[in-house]
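It should be emphasised that the depicted structure is a prediction, and the values quoted were computed from it without experimental measurement. The figures here come from the full heavy-atom set of this structure, side chains too, leaving out hydrogens, waters and symmetry mates. Note on naming: letters A, B, ... go to the chains in the order of the sequence lines (proteins, then strands), and numbering restarts at 1 for each one.
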Amino acid sequence: MSRYNVKETEAKWQGVWERQGCFTATEDASRPKYYVLEMFPYPSGRIHMGHVRNYTIGDVIARFKRANGFNVLHPMGWDAFGLPAENAALEKKVHPAKWTRENIETMRGQLKTMGLSIDWSREIATCDVEYYRHEQKMFLDFLKAGLAYRKESWVNWDPVDNTVLANEQVIDGRGWRTGALVEKRKLSQWFLKITDCAEELLDGLGTLDRWPERVRIMQENWIGKSTGVRFRFALKGREDKLEVFTTRPDTLFGASFAAISANHPLAAELAANNPDLAEFIAECNRLGTSEEAIETAEKRGFDTGLRVVHPFDPSWELPVYVANFVLMEYGTGAIFGCPAHDQRDLDFARKYGLPVTPVVVPADADPASFAVGDEAYTGPGVLRNSRFLDGLDVESGKQEVGRRLEEAGQGERTTQYRLRDWGVSRQRYWGCPIPVIHCPDHGPVPVPESDLPVVLPEDVTFDKPGNPLDHHPTWKHTSCPVCGKPALRETDTFDTFIESSWYFARFCSPKSNDVAFDRAAVDYWLAVDQYIGGIEHAVLHLLYSRFWTRALKRCGYLNVEEPFAGLFTQGMVNHETYKDAATGAWLAPTDLTKNDRGEVVRADTGAPVNVGRVEKMSKSKKNVVDPAHIIGTYGADAARLFMLSDSPPERDLEWTEAGIDGAWRYINRLWRMITEAPVPLPAPGSPKPERLSERAEATRRAVHKAIAGMSEDLDKFRFNKAVARVRELSNALAEIDGKGEGEAWILREGFESVVRLIGPMMPHLGEELWAQLGHGTLLADQPWPEADPSLVVEDTVTIAVQVNGKLRATLAMPRDAAKEVAESMALADDNVQRALEGKPVRKVIVVPNRIVNVVA
RNA sequence: GCGGGCGUGGCGGAAUUGGCAGACGCAAGGGACUUAAAAUCCCUCGCCCAUGGCAUGCGGGUUCGAACCCCGCCGCCCGCACCA
């Protein structure tokens, strides 16, 4: 029995593909293009199973499209700036640049063992100055176009490390490394006007018909468009006004209080001589800033003692609270509360004993008795207790209040977005320097284009807290481009979401030096036809890229609006978790073995182990499996096959030893089946013999059905079904001993089809078997097989026969038989007659080629 | 809290989108080969009072017919603005 030598075979074909430049892409107007892109990896050190899944899916699509005649672009690069490199610098005393570049080396090597059809000549790393220099130019262009501006904004400040913390670095209000209480600080930072595009970004979602619905919904919610009214309350005893925003102006006569955010300027002013209020505000700030924390916290408020006057009744006053559920970032940071028709307001009113007056009554309720208990009424209805609004519906009420406030000059109808401008300044070292110089006389001045790039210096140290760029002895000292006087460089760097907002376009002309993009190249390749990545990027990365692309278009860089025409979000790779039963310590899968009784125990001590739930692979839970080890043992094809089998690609996948074993067994089974064919096969390209045995004829139909089915499965990314189908076909072919008429020929057709069908999924095995079948060509260059339509449909179909909806018989009959024939055959059946028990037939439903239902 | 998703054998999942529930695989059990094991091959495999009955998280409904559509529950998962 010959054995498939994975290591040798996989290395051999990877070498052949590379030497022949199989996957090098060039623009070719004569062929339809197809741009496949997986989200590029952060070079964290080693590839993980999530990468394997992501790149396997992308590679299947790329190879499948290639075989279907498309000119495919399938590039790879590195999202190389970011926080982990700086953490490594602190923890391991390695320079971020060195750490990053070494990681890229390792990971490139690992990716290459996967046998991906990538055009490696287009590789880019975002930390290279040849890359980020263009980003600096783009930023200057955005400044000119009025898309970038500066404003003050809050950051998390670690007073021990003297550094800004990301939200994820703040744990229970303390810095993750120092444990120091985190302070809120205001810094002047750069912002991009993504809100300028809010409407466009929202509308654009409607054109993205090859995006998952849920990603579009998430983006829609993120943009958070709402229409309403902005108006100003007069403040009793003060000159200034309190501006509020509401989406429910119709409920204005149900108002019982006004509330402002703890970060509202008015709150700060009042707190200055009210220590209790100051303490309440401090408490609100400790709550955290996430929407989830705010929404789920108990609604609390502090009566400021101030009163506002109802806009339509000078004698009606409402108390003003500082409330923990009002966000400064949304609207005006102030609201009016109508408890009867808003749950948050209702919770608040119940707590502080404020009136609850229903002003919207459902059409079918009695206005006299309608009351609100613990649940606010937010549905449609008729306005009551609302003076001039009485009798109107909700929508008319909104318009009427808006109109009257506008007439009185007290407010205006507006559209509000939840989307906020994109803060892009980071007080970090390992990122793209922001090309700005701060002059004492001229303020922030853009670096002249002729002085670009502003190179990130690599001779920095990490020995003291704070930003190394700030400590560098010379780098930040320069002169003002306007007046020439000594000035300081901006030491902030860009958010790393910027690099990933345009890398897909850079892949079109990765080597162009003078310009970010060669116009002909981006015009040819963009948009990305199929983008593949994790759902975790559903909002930020994908929304920023959509915005950045629009901004680039405004500045004349390219001519597309939507960067990603198709999007696929894959599920995570999970694994069982294990804990030592005695100590509770997490154990890695490699620490375990099975004892004689089949129980999972520690491999070293034999001590019992608790098997926990299946969870996302993570270092902290030790339930990671190293792809390098798997590929080293079973080969890339087995790992790829496993990634595609069983679980639908958008769903989470559980990695199991048994699963990879199963994939490995199938590879060897295929290998043996084809290399040890039961009879000698006719030469490649031999014509079909005149006569085929019945079994050969049936097998031939199975082959063509598999081709047709699999083409559709791959087209719709149903890889698990595609795998099932090709296994089914292999099972059918394994039944053929080749002795009957034409069977040797059908074996060749079947084997060649199987090999071509597995090509995108298991390219190395595919190439090897293709060669074994006597071909001197590369499978990678072969067109996708075509199914003969006449062989895809069976001429005999099996029809289910039901009596009163219950299955009583199955009948074989010719395809597309007349309804009457099906009906009479069904009624003639013994089982059907028995089930009828002599009852008269009332009705017979016939669905051609499918089912007959006899109703008695 | 808001928004979204999921729930089918011991397990991952199929089911032509309203028409034979359980394809394909994993695990398990039995057998063959072997001195033995591994590998491989063959058979069985939703449950039960088996010519039948019950089964797609639970309870209703629509329909000739429901895993699929509608209403109401239950459970789990994900996102909610400086990780990438």
Side-chain angles (χ1 to χ4, degrees), chain A residues 1 3 39-42 44 79 81-84 87 153 155-156 164-170 189 212-215 217-218 220-222 224 289-297 299 325 329 343-344 347 418-420 422-428 495-497 500 533-541 543 572 613-614 645-648 650-654 656-659 661-663 665-666 668-669 672 709 712 718 720-728 731 734 798-810 830-831 834 842-845 847 849-856:
Chain A
M1 194 171 357
R3 218 177 129 76
M39 290 180 183
F40 67 162
Y42 179 79
S44 55
D79 189 12
F81 274 139
L83 205 47
N87 294 337
S153 138
V155 295
N156 301 309
V164 174
L165 299 177
N167 280 344
E168 69 151 17
Q169 295 173 316
V170 181
Q189 307 194 64
E213 176 76 16
R214 62 172 177 149
V215 174
I217 290 170
M218 278 190 202
E220 197 180 313
N221 292 339
W222 192 265
T289 53
S290 77
E291 203 168 304
E292 183 200 2
I294 288 163
E295 293 272 335
T296 49
K299 306 290 172 278
F325 62 93
E329 290 78 16
Q343 193 59 46
R344 288 169 306 186
D347 295 344
R418 182 175 162 276
L419 182 69
R420 304 204 291 264
W422 177 12
V424 294
S425 296
R426 296 290 181 273
Q427 296 68 36
R428 304 253 158 72
D495 178 5
T496 57
F497 271 120
S500 53
I535 185 73
E536 64 272 22
H537 294 289
V539 177
L540 294 185
H541 161 57
L543 191 66
M572 294 185 299
R613 44 186 291 172
V614 175
S645 307
D646 296 345
S647 292
E650 68 279 3
R651 229 185 276 183
D652 286 357
L653 171 140
E654 188 193 346
T656 60
E657 191 76 15
D661 278 338
R665 273 200 301 273
Y666 177 64
N668 284 286
R669 205 156 74 84
R672 283 193 308 271
E712 203 190 325
R718 293 192 290 222
N720 55 324
K721 284 180 70 182
V723 171
R725 223 183 272 274
V726 80
R727 291 185 95 125
E728 217 169 5
N731 291 345
T798 309
I799 286 194
V801 183
Q802 299 180 337
V803 176
N804 292 329
K806 290 201 172 170
L807 182 72
R808 296 298 173 189
T810 56
D830 287 350
N831 288 319
R834 196 176 316 129
R842 285 194 291 145
K843 197 167 157 191
V844 180
I845 288 128
V847 181
N849 301 326
R850 211 126 294 161
I851 205 164
V852 177
N853 191 9
V854 182
V855 185

Hey, does [X] reach any base, or is it just sugar-phosphate, or nothing, if we go heavy atoms under 4.0 Å?
| X | value |
| --- | --- |
| A/His541 | nothing |
| A/Asn831 | nothing |
| A/Phe325 | nothing |
| A/Val847 | base |
| A/Gln189 | base |
| A/Trp422 | nothing |
| A/Arg669 | sugar-phosphate |
| A/Gln343 | nothing |
| A/Arg214 | sugar-phosphate |
| A/Leu653 | nothing |

Regarding A/Arg669 and A/Asn731, is there a side-chain donor-to-acceptor distance under 3.5 Å anywhere? yes

For a quick check under 3.5 Å, do A/Asn668 and A/Arg665 share a side-chain donor-acceptor pair by atom type? no

side-chain contact (heavy atoms from CB on, under 4.5 Å), paired with A/Val852, selected from A/Val847, A/Val803, A/Ile845, A/Val844: A/Val844

Nucleotide opposite [N] in a Watson-Crick or G-U pair, distances under 3.5 Å:
| N | answer |
| --- | --- |
| B/G3 | B/C78 |
| B/A14 | none |
| B/U40 | B/A32 |
| B/U62 | none |

Considering only atom [atom1], compute the distance from [N] to [M] and round it to an integer number of Å.
| N | M | atom1 | value |
| --- | --- | --- | --- |
| B/G59 | B/G75 | C1' | 15 Å |
| B/A36 | B/G52 | C1' | 47 Å |
| B/A39 | B/C47 | C1' | 35 Å |
| B/A66 | B/C48 | P | 25 Å |
| B/A21 | B/A14 | C1' | 10 Å |
| B/U44 | B/G22 | P | 15 Å |
| B/C11 | B/G46 | P | 13 Å |
| B/U8 | B/U56 | P | 11 Å |

Could you tell me whether the side chain of [Y] reaches within less than 4.5 Å of the side chain of [X], counting heavy atoms only?
| X | Y | value |
| --- | --- | --- |
| A/Leu807 | A/Val801 | no |
| A/Leu83 | A/Tyr42 | no |
| A/Thr496 | A/Arg428 | no |

Please report the closest heavy-atom contact between A/Met572 and A/Asp652, naming both atoms and the distance.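 Scanning both residues completely, I find the closest heavy atoms to be N-OD1, 2.9 Å.
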
Minimum heavy-atom separation for A/Leu653 and A/Ser647, please, with both atom names. CA-OG, 3.9 Å

Would you say [X] places a side-chain N or O within less than 4.0 Å of OP1 or OP2 belonging to [N]?
| X | N | answer |
| --- | --- | --- |
| A/Thr496 | B/A84 | yes |
| A/Asn849 | B/G19 | no |
| A/Arg665 | B/A38 | no |
| A/Arg808 | B/G53 | yes |

Base orientation of B/U34, syn vs anti, 90° cut from 0: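 Nucleotide B/U34 adopts anti.
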
Reading RNA chain B from 5' onward, which residue's closest nucleotide shows up sooner: A/Gly659 or A/Ala724?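 Its nearest nucleotide being more 5', the pick is A/Ala724.
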
Would you mind telling me which residue lines up with the more 5' stretch of RNA chain B, A/Gly662 or A/Asp495, judged by nearest nucleotide? A/Gly662

Over how many whole Å does the gap from [X] atom [atom1] to [N] atom [atom2] extend?
| X | N | atom1 | atom2 | answer |
| --- | --- | --- | --- | --- |
| A/Glu536 | B/C83 | CD | P | 13 Å |
| A/Met218 | B/C78 | CE | C1' | 7 Å |
| A/Lys843 | B/G65 | NZ | C1' | 10 Å |

Out of [options], which nucleotide sits closest to the side chain of [X]?
| X | options | value |
| --- | --- | --- |
| A/Leu419 | B/C64, B/A81, B/A84 | B/A81 |
| A/Trp222 | B/G19, B/A81, B/C26 | B/A81 |
| A/Asp79 | B/A84, B/C20, B/A27 | B/A84 |
| A/Thr798 | B/G25, B/C41, B/C20 | B/C20 |

Under 3.5 Å donor-acceptor pair, A/Arg850 side-chain atoms to B/U16 base atoms: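 Yes, the side chain and the base share a sub-3.5 Å donor-acceptor pair.
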
Heavy-atom donor-acceptor pair, A/Asn720 side chain to A/Asp646 backbone, under 3.5 Å: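 Such a contact is found between A/Asn720 side chain and A/Asp646 backbone.
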
Using only atom types and a distance under 3.5 Å, with no angle test, would you say the side chain of A/Arg418 pairs donor to acceptor with the backbone of A/Trp222?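 Judged by distance alone, yes, a pair lies under 3.5 Å.
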
If the sugar-phosphate is the primed atoms plus P, OP1 and OP2 and the base is the rest, what is the B/S/- string for nucleotides 8-14 of chain B, using protein heavy atoms under 4.0 Å? ----BSS

